[in-house]
Amino acid sequence: MPAALEQGLTLAVCDPDNADALEAAAGLVGSKASVHLKVDTGMGRIGVDPAEALDLARHLVRSCPNLSLDGVFTHLPVSDEADPGWTREQVARFRGLVDGIQDVVGRRILAHSSNSGAVLGHPEAWLDMVRPGIMAYGFYPDAGTPRTVDLLPGLSFQTRVSFLKKVAAGTSIGYGRTWVAPEDTWIATIPAGYADGFNRLFSNRGRVLIDGRSYPIVGRVCMDQSMVNLGPETSVKVGDTVVLLGRSGEEEISAYEWAEKLGTITYEVTCQINGRVERVYDGY
Ligand SMILES: Cc1ncc(COP(=O)(O)O)c(C=O)c1O
């Protein structure tokens with residue numbers, strides 16, 4: 001807590017114990033800390049019960065002089081779904097609470113509730129600020145979310161060909177010898193494996209793009225490397241860019257494709273790329 005406060009971050013308060021710990025930490029740091037009250041109106045994760053929210057706000061105002069209650073927020077678990085009914089009711093309940101908390105504080109404070117699903121489909125939830133996550137990567141949160149804004153994927157995961165060889169028909173590739181060349185063919189090795197976030201489930205199922213063309217992963221994905229079948233003739237060279245996720249020419253491997261193959265959601269895909277993979281921030 002002290003480190004966060006020294007950086008001037010706004011922290012969430014969820015219950016009286018949490019408030020008291022923050023109050024003490026702010027006292028030690030010697031600065032007044034800005035906090036936002038988290039109310040659990042339906043997510044069932046963290047947050048004060050709505051029935052206790054006003055009491056907690058009173059506790060903050062009366063007993064925590066080192067804290068400044070500057071905001072109130074909640075989280076919406078089904079805002080990305082096609083049926084808007086439940087979220088509309090949830091937001092209406094939250095807005096009522098915001099009014100009550102502002103009366104306790106005696107001034108207007110920031111209210112926020114919108115994740116990507118609500119930014120796209122629930123204007124009534126926009127309030128003073130929004131908290132889009134997956135949208136920032138250019139992905140819709142769910143197939144059912146209204147596509148009210150055109151999103152473009154902003155993420156690409158790339159490597160380069162590190163090694164090339166031509167193998168004879170019958171040559172096996174990789175651990176477990178799970179793939180055997182059906183014909184003489186060129187195999188590229190790429191320095192990306194499951195320790196980078198190129199999931200082992202892509203063994204004999206994944207694909208990559210090189211210079212606008214799609215090629216299959218053959219054999220098992222290794223910890224740090226994987227193999228790609230380029231076919232009997234190729235112009236691919238060592239050093240060529242290999243796209244694991246993203247666009248190459250007219251071709252695209254999307255996070256939706258990864259999510260489907262891996263049995264997960266784009267959220268997990270975007271945070272699956274390991275920390276050791278260099279991040280490059282490129283403007284449009
Ligand atoms: C509290 C909170 N706000 C906002 C978000 C962003 O959600 P999304 O990525 O669906 O926009 C999250 C993500 O889990 C969250 O936990």
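Here, residue 1 is the first one in the sequence, and each next residue gets the next number. As the structure lists them, so they are numbered: ligands from 1, and atoms in each ligand from 1. Computed from a predicted structure; not experimentally measured.
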So for atom OH, which belongs to Y137, do other residues, nucleotides or ligands contribute more than 12 heavy atoms lying within a distance under 6.0 Å?
no

Does a donor on one side chain and an acceptor on the other come within less than 3.5 Å for D40 and H75?
no

Ligand 1: protein residues within heavy-atom distance under 4.0 Å:
R45, H75, N115, S116, R131, P132, G133, I134, Y267

Would you say the side chains of E183 and T185 form a donor-acceptor pair under 3.5 Å?
no

Counting heavy atoms not belonging to R177, are there more than 12 under 6.0 Å from its CZ?
no

Those residues at least two apart in sequence (or on a different chain) that pass side-chain contact (heavy atoms from CB on, under 4.5 Å) with R276 are A195, D196, D224, N274

Identify whether the distance between the nearest side-chain nitrogen and carboxylate oxygen of E251 and R207 falls below 4.0 Å.
yes

